[in-house]
Amino acid sequence: MSILERPMPPLNADERTTLESWLDFHRTTLAMKCEGLDDERAAAASVPPSGFTMTGLVQHMAEVERSWFRRVFAGEQAPPIYDPQADPRGPDGGFELSEGASLHDALATWQAEIARARERCADRSLTDTGRFMDQDVSLRGIYVHMIEEYARHNGHADLVRERIDGTTGV
């Protein structure tokens, strides 16, 4: 039984409530998939030779949150979290684990980026834009992309978690 509560998003709400609720649903889903894992199991490669891990996935999602909400939407010069030498305009990264990386720390960093994302979006319209690849991108478009990003990676997390300890169905 999960200690996290994952409420069902409303099925008949205004657009903003719908988008934010589904994004939060998927954020909570990822957190639930990490429950009960220790650092060793969370750092275990899913299917060698792939280095894909649950800790790496959480780190990646922290980078994705930072990239889309802070860099793209808010126009901040926020450097990459896990690879300071990486090009902040490049792929979101974060999958590689450094020496001493822990799931606990990755989750805390990810939650902090989610909090910052919510702050950046709180008083903004869905039609407000940021810049991505020399094009305007609306907050609406970013929300849709983030829902897609989480849905895809939550599918990966399903498989990794099942491989780690047989847990399915979260």
Side-chain angles (χ1 to χ4, degrees), residues 6 9-11 13-34 42-43 45-47 49-99 101 103 105-160:
R6 183 178 58 180
L11 300 179
D14 65 89
E15 182 181 19
R16 185 170 194 126
T17 301
T18 299
L19 292 170
E20 289 179 348
S21 296
W22 277 106
L23 179 53
D24 285 341
F25 176 88
H26 283 291
R27 287 168 168 159
T28 303
T29 299
L30 180 58
M32 291 172 74
K33 292 185 182 305
C34 294
S46 57
V47 181
S50 170
F52 192 90
T53 68
M54 290 295 278
T55 301
L57 176 56
V58 173
Q59 289 182 170
H60 172 69
M61 293 312 298
E63 293 283 12
V64 170
E65 292 275 352
R66 175 177 280 214
S67 180
W68 282 96
F69 291 111
R70 294 178 65 189
R71 291 187 199 118
V72 171
F73 187 61
E76 291 181 33
Q77 298 298 311
I81 303 165
Y82 295 100
D83 183 1
Q85 305 308 315
D87 181 350
R89 296 164 299 167
D92 299 311
F95 287 109
E96 299 287 323
L97 300 185
S98 63
E99 186 72 31
L103 179 60
D105 290 346
L107 287 167
T109 299
W110 173 59
Q111 290 295 336
E113 289 300 325
I114 290 170
R116 287 184 189 99
R118 287 185 176 121
E119 290 169 3
R120 300 310 181 274
C121 299
D123 296 325
R124 304 291 298 274
S125 167
L126 291 176
T127 58
D128 285 353
T129 60
R131 297 288 290 170
F132 180 69
M133 297 179 65
D134 297 321
Q135 297 181 54
D136 287 340
V137 58
S138 68
L139 179 56
R140 175 187 293 107
I142 292 170
Y143 277 151
V144 170
H145 171 70
M146 292 298 291
I147 292 166
E148 174 275 329
E149 181 91 10
Y150 273 100
R152 182 165 42 99
H153 284 312
N154 282 338
H156 298 141
D158 278 336
L159 298 173
V160 173

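In what follows, every heavy atom counts, from backbone to side chain, and hydrogens, waters and symmetry copies are set aside. Along the sequence shown, residues are numbered consecutively beginning with 1.
- Salt bridge Arg116/Glu119: absent, no basic N to carboxylate O contact under 4.0 Å.
- Formation of a donor-acceptor pair under 3.5 Å by the Thr17 side chain with backbone atoms of Ala13 is not found in this model.
- Shown here for Cys34 and Leu103, the closest heavy-atom pair between the two residues is O-CD2, 3.9 Å.
- Here the CE-OG distance, from Met146 to Ser67, works out to 9.0 Å after rounding to the nearest 0.5 Å.
- Checked by atom type, the side-chain pair Tyr143/Glu148 shows no donor-acceptor distance below 3.5 Å.
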Could you give me the CA-CA distance, side-chain angles and deciding distance for Val72 and Arg131, then say whether side-chain contact (heavy atoms from CB on, under 4.5 Å) is met? CA-CA 5 Å; Val72 171; Arg131 297 288 290 170; 5.9 Å; no
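- Taking CD from Glu63 and OH from Tyr82, the interatomic distance works out to 7.0 Å, rounded to the nearest 0.5 Å.
- Within the 4.5 Å cutoff, the side chain of Thr18 has no heavy atoms near those of the Pro9 side chain.
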Begin with the C-alpha distance, continue with both residues' side-chain angles, and end with the deciding distance and a verdict on side-chain contact (heavy atoms from CB on, under 4.5 Å) for Trp110 and Leu30. CA-CA 11 Å; Trp110 173 59; Leu30 180 58; 3.9 Å; yes
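- Residues that satisfy the side-chain hydrogen bond (donor to acceptor under 3.5 Å, both in side chains) test with Ser125, not counting sequence neighbours, are Thr127.
- At least one donor-acceptor pair under 3.5 Å links the side chain of Arg71 to the backbone N or O of Ala78.
- Proximity of a side-chain donor or acceptor of Asp83 to a complementary backbone N or O of Gly94 within less than 3.5 Å is not detected.
- His153 and His60 have perpendicular rings, their planes meeting at more than 60° on a 0 to 90° scale where under 30° would count as parallel.
- Residues Pro79 and Arg66 meet the side-chain proximity criterion, which asks for heavy atoms closer than 4.5 Å.
- The two residues Arg16 and Ala122 come nearest to each other via the heavy atoms NH2-O, 4.1 Å.
- One N or O on the side chain of Gln59 and one on the backbone of Glu96 form a donor-acceptor pair closer than 3.5 Å.
- Residues Val160 and Leu57 fail the side-chain proximity criterion, which asks for heavy atoms closer than 4.5 Å.
- Judged purely by atom type and a 3.5 angstrom limit, Arg27 has no side-chain atom pairing as donor or acceptor with the backbone of Tyr150.
- Within the 4.5 Å cutoff, the side chain of Asp128 has heavy atoms near those of the Phe73 side chain.
- Taking CG of Asp24 as the reference point, atom OG1 of Thr29 lies at 10.5 Å (rounded to 0.5 Å).
- Other residues, nucleotides and ligands place no more than 12 heavy atoms under 6.0 Å from the CG atom of Asp123.
- The CD1 atom of Ile114 sits 8.0 Å away from atom OG1 of Thr28, with the distance rounded to the nearest 0.5 Å.
- In summary, Arg70 and Glu65 do not engage in a salt bridge, as defined by a charged side-chain N under 4.0 Å from a carboxylate O.
- Side chain of Thr53 to backbone of Ala45: no donor-acceptor contact under 3.5 angstrom is found.
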Pair Phe69-Leu139, side-chain contact (heavy atoms from CB on, under 4.5 Å): steps then yes or no: CA-CA 9 Å; Phe69 291 111; Leu139 179 56; 4.1 Å; yes
Would Val137 and Thr129 satisfy side-chain contact (heavy atoms from CB on, under 4.5 Å), going step by step from the backbone distance to the final call? CA-CA 5 Å; Val137 58; Thr129 60; 6.0 Å; no
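- Ionic pairing of Arg120 and Glu76 is present here: one or more N-O contacts between side-chain nitrogen and carboxylate oxygen are shorter than 4.0 angstrom.
- A donor-acceptor pair is defined here as one N or O able to donate and one able to accept, closer than 3.5 Å; such a pair exists between the side chain of Thr55 and the backbone of Ala42.
- In this structure, Lys33 and Asn154 approach most closely via the heavy-atom pair CE-O, 3.6 Å.
- With values rounded to the nearest 0.5 angstrom, Cys121 atom SG is found 11.0 Å from Leu19 atom CG.
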